[in-house]
Each structure stands twice: as structure tokens, then as C-alpha cells.
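Report on the following structure.
We use all heavy atoms of the structure for the numbers below, so side chains are in, but hydrogens, waters and symmetry mates are not.
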Amino acid sequence: MAASKKERKNRFERTLMKLGLGIINTLSERQVRNFLLFIANTFGYKIGIRKKLVKFQLKRCFPNFTDKEVNDITKRMYQNYGLMIYEIFKADRDKIADEIEIVGLDNFDKALQMEQSFLISTGHFGNWELLGYFLLRRGFKLSAIAKKQRNPYFDKFFVDYRADLGLDVIYQKRAMRGIVKAIKGNRKIFFIMDQDARSNGEVMPFLGFDASVFMGIARIALKADLPIIPMYHVRTKEGKHKIIVEEMFFPKQEGLTDYQVMDRLNKSLENMIKEYPELWFWVHKRWKSVDKKKGIRY
């Protein structure tokens with residue numbers, strides 16, 4: 001029976017991925033880094049994969065930025081993604097993890113000493129995969145909420161890759177069973193909470209504009225009486241790596257509503273984006289579902 005168009009597309013993408021990984025394996029670290037930066041600059045920035053969207057969202061959220069500043073941030077965002085791929089598949093991650101500076105060391109030590117489960121909040125910011133690897137290296141038993149990828153070959157590759165590192169993947173759809181199991185096992189649960197939740201979320205401001213926000217991390221924290229700790233990976237302009245660990249808070253004990261919890265987490269991520277705008281993944285259509293209802297197109 002002939003393969004469907006969708007299956008042929010999936011196989012073609014798998015072939016490209018294997019080809020790319022094969023090239024990476026034959027080159028030195030320096031060559032891979034330079035090659036991926038070339039791809040990011042050429043196909044990302046110059047040719048413009050969603051560049052129009054990136055610049056629109058940047059100008060919208062930061063109206064005081066000049067065109068030059070927007071162009072510079074856009075270019076560095078694509079470069080950040082190239083460096084992410086380099087750090088995941090080629091760089092000496094153990095060396096990076098060992099040399100990472102921890103900002104908020106007291107907060108980190110407190111989290112490391114906690115035997116109970118807690119929730120980690122971050123975004124598509126910096127290198128979130130490297131953040132997870134760093135936490136695993138430091139002894140955290142870690143589970144992560146993830147959306148199943150469209151291409152099943154990619155999905156299996158990344159599930160296997162993360163499992164080899166010791167990361168337990170819980171699929172976003174029907175996640176409660178996995179979350180309950182992780183809590184019983186005192187695992188720390190990693191949430192990336194900054195994508196458009198569409199009809200599954202609640203509307204609240206993000207960077208000055210209404211967005212649909214996933215409420216899962218807040219509702220789990222309240223129902224299970226678990227603390228939340230925001231963490232972020234930062235790559236500086238000098239190429240150094242930092243993990244920023246904010247103070248842990250206890251939503252149920254503080255009497256917060258789920259909306260108040262998410263508003264607090266949104267503001268935490270907003271502060272990081274304002275300080276390091278090039279490190280957020282602006283190619284996401286973060287506000288799309290709410291904008292669409294308002295008749296805004298881009």
C-alpha cells in the first residue's frame with residue numbers, strides 16, 4: 001500500500017534530520033558551531049523564516065525600540081536557536097553544566113534539598129533543554145510536560161534522547177496520570193508555560209497584550225499543595241551560561257487563585273524577556289488565538 005502524503009512528508013523530514021545529525025557527527029565542535037550560526041543567519045534571518053512575525057511582535061511589545069534594535073534582536077534570536085542546537089547535539093554539555101553560574105544560589109540549594117515534589121516554571125527562553133540537563137546533572141529527579149510532536153519520528157527521537165538523560169516525559173494530552181505518578185515519586189515537574197493555549201486556556205495580559213494562557217501548573221500546585229520555583233537559562237553576549245533561580249512560592253499556602261499564580265509566573269517571564277529579549281522564541285504565535293477573535297491578522 002502506498003504511503004500517504006503525510007507519511008511521505010514525515011519520512012522526508014526524518015531523512016533530513018538524519019542527514020543533519022550525520023554532518024554534525026563528522027565535524028569538530030567549532031565547525032558545527034560556525035555551520036549552525038551560518039544556517040541561522042542565512043535561512044533564519046536573511047531569508048526570513050517567520051521574520052516578519054518576529055519583528056511585528058517585537059515592535060508591538062517594545063514600541064520604543066528603534067528599527068535597528070529590532071533587527072539586531074531578531075538576528076540574535078535566530079543565532080540563539082542555532083547555538084541551542086549546537087549545545088544539545090555537539091557541545092560538551094558536561095563542561096557547560098559544570099561551569100554554569102547559578103544566580104540565586106540560596107534558592108537553588110533550598111530546592112535541591114527538598115525531598116518532596118515541586119513544580120519548575122520556565123519558558124521557551126535561552127536553552128531550556130540545557131536547563132533541564134543541568135538540573136539532571138545536579139541530582140534532580142525530573143519529569144517534563146511536553147506536547148507530542150506532529151512527526152512521530154521526531155517525537156520518538158526526542159523522547160528516547162531525553163529518556164537516555166534520565167528525563168521522564170509526560171505528554172500534555174491526558175497528562176494527569178503521569179503527573180500523579182511523578183508527584184508520588186517525589187519527582188520535580190518541569191513546565192514550559194508560554195505557548196498559546198487557544199481554547200484550553202484563560203485570557204490574561206502577557207507583555208501588554210491579551211494571550212490565552214495554560215493554567216495547568218497553577219491548578220496542579222493548588223490541588224496538590226505543591227510549591228513552584230521559576231528557573232531560566234541565560235546565555236550572555238560573552239557566551240557564558242547562567243541559571244537564574246527565583247524564590248520558591250507556595251500558591252495554596254499564600255491563598256492565591258489560579259489566575260494570580262499564572263499572573264505571577266507571566267510577570268516573572270516578562271521580566272526575563274525585557275532584560276534578554278533576544279533569548280525568547282519570538283517565532284511562536286503567542287497571541288494568535290486572542291488576536292484572531294479581535295480581527296487582528298499577521
Side-chain angles (χ1 to χ4, degrees), residues 6 9-10 12-14 16-17 19-20 33 35-89 122-130 146-151 153-155 158 172 192-201 205-214 232-235 266 269-270 272-298:
K6 181 179 178 181
K9 181 180 180 182
N10 289 340
F12 176 69
E13 290 173 346
R14 178 183 61 177
L16 288 180
M17 181 180 71
L19 179 61
R33 187 179 186 278
F35 172 70
L36 289 171
L37 284 175
F38 169 78
I39 295 294
N41 288 330
T42 303
F43 293 96
Y45 180 68
K46 290 183 181 178
I47 294 177
I49 299 174
R50 286 197 178 181
K51 185 168 72 170
K52 184 178 179 181
L53 172 69
V54 171
K55 294 173 75 172
F56 168 78
Q57 294 187 148
L58 271 167
K59 283 294 289 183
R60 187 189 196 193
C61 295
F62 299 102
N64 293 329
F65 282 0
T66 65
D67 288 344
K68 184 178 183 304
E69 287 172 321
V70 168
N71 286 332
D72 180 58
I73 292 167
T74 300
K75 185 175 183 178
R76 286 190 283 137
M77 185 217 68
Y78 287 111
Q79 290 172 345
N80 174 60
Y81 198 61
L83 290 170
M84 271 190 65
I85 297 171
Y86 159 72
E87 289 157 359
I88 292 169
F89 293 112
T122 194
H124 289 91
F125 184 89
N127 188 339
W128 54 91
E129 294 280 351
L130 192 60
K147 184 177 180 180
K148 199 163 189 174
Q149 298 198 41
R150 173 190 57 77
N151 188 319
Y153 299 113
F154 283 15
D155 190 73
F158 281 105
Q172 192 178 77
I192 299 177
M193 37 67 69
D194 59 349
Q195 287 185 296
D196 185 357
R198 302 179 186 178
S199 61
N200 297 314
F206 184 71
L207 288 173
F209 298 91
D210 284 344
S212 179
V213 175
F214 284 111
Y232 306 97
H233 167 268
V234 168
R235 187 191 306 98
N266 275 342
L269 179 57
E270 283 176 345
M272 295 301 303
I273 294 170
K274 289 173 183 177
E275 187 169 358
Y276 305 98
E278 71 279 5
L279 295 183
W280 194 51
F281 205 40
W282 291 93
V283 297
H284 282 159
K285 297 179 180 180
R286 181 67 187 90
W287 297 268
K288 182 181 178 180
S289 63
V290 177
D291 283 346
K292 188 175 179 179
K293 291 179 181 179
K294 296 180 178 180
I296 301 171
R297 299 287 187 271
Y298 43 80

Q | Working for side chain to side chain contact (heavy atoms under 4.5 Å, CB included), residues R150 and K9 | A | CA-CA 11 Å; R150 173 190 57 77; K9 181 180 180 182; 4.1 Å; yes
Q) Going through the distances and angles, do F154 and M17 end up as a side chain to side chain contact (heavy atoms under 4.5 Å, CB included)? A) CA-CA 8 Å; F154 283 15; M17 181 180 71; 3.7 Å; yes
Q. Can you list the steps and then say if V234 with E275 is a side chain to side chain contact (heavy atoms under 4.5 Å, CB included)?
A. CA-CA 10 Å; V234 168; E275 187 169 358; over 6 Å; no
Q. Taking it one step at a time, do D72 and R76 satisfy salt bridge (Lys or Arg N to Asp or Glu O under 4.0 Å)?
A. CA-CA 6 Å; D72 180 58; R76 286 190 283 137; 2.9 Å; yes
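More than 12 heavy atoms of other residues, nucleotides or ligands sit less than 6.0 Å from atom CZ of F56. Taking a 6.0 Å sphere around OH of Y153, one finds it holds more than 12 heavy atoms contributed by other residues, nucleotides or ligands.
A donor-acceptor pair under 3.5 Å links the side-chain atoms of K51 to the main chain of Y45, judged by distance alone. Of the possible polar contacts, one joining the Y78 side chain to the I49 backbone as a donor-acceptor pair under 3.5 Å is found. Side-chain atoms of D155 come within 3.5 Å of backbone atoms of Q149 as a donor-acceptor pair (strictly under, hydrogens ignored). For D196 (side chain) and S289 (main-chain N/O), a donor-acceptor pair under 3.5 Å exists by modelled atom type.
Here the closest heavy-atom approach between residue W282 and residue Q57 is recorded as O-NE2, 2.7 Å. Taking all atoms of both residues into account, the shortest heavy-atom contact from Y232 to L269 is OH-N, 3.3 Å. Listed here is the closest heavy atom pair of N80 and E278: CB-O, 4.1 Å. Taking each heavy atom of M193 and R286 in turn, the nearest pair found is O-NH2, 4.5 Å. Closest of all the heavy-atom pairs between K55 and N71 is NZ-OD1, 2.8 Å. The two atoms that bring P277 and I73 nearest to each other are CG-CD1, 3.8 Å, heavy atoms only.
With contacts defined as side-chain heavy-atom distances shorter than 4.5 Å, the pair F214/Q172 qualifies. The side-chain heavy atoms of E87 and E129, taken from C-beta on, include no pair separated by under 4.5 Å. Counting heavy atoms from C-beta on, the side chains of W287 and L207 come closer than 4.5 Å. A 4.5 Å side-chain heavy-atom check between R60 and I296 finds at least one atom pair inside the cut-off.
The only member of H284, K59, M77 that meets side chain to side chain contact (heavy atoms under 4.5 Å, CB included) when paired with V54 is M77. The only member of L279, L130, N127 that meets side chain to side chain contact (heavy atoms under 4.5 Å, CB included) when paired with M84 is N127.
The distance from atom CG of D210 to atom NZ of K293, rounded to the nearest 0.5 Å, is 11.0 Å. To the nearest 0.5 Å, atoms CD1 (I88) and CG (L36) are separated by 10.5 Å. In this structure, the separation between NZ on K288 and OG on S212 is 13.0 Å, given to the nearest 0.5 Å. Taking NZ of K75 as the start and CG of N41 as the end, the distance is 5.0 Å to the nearest 0.5 Å.
Looking at residues two or more places apart in sequence or on another chain, you find no side-chain hydrogen bond (donor to acceptor under 3.5 Å, both in side chains) involving N266.
The aromatic rings of W128 and H124 sit perpendicular, their planes meeting at an angle over 60°, well past the 30° parallel limit.
Ring centers of F206 and W280: under 6.0 Å apart, within the cut-off.
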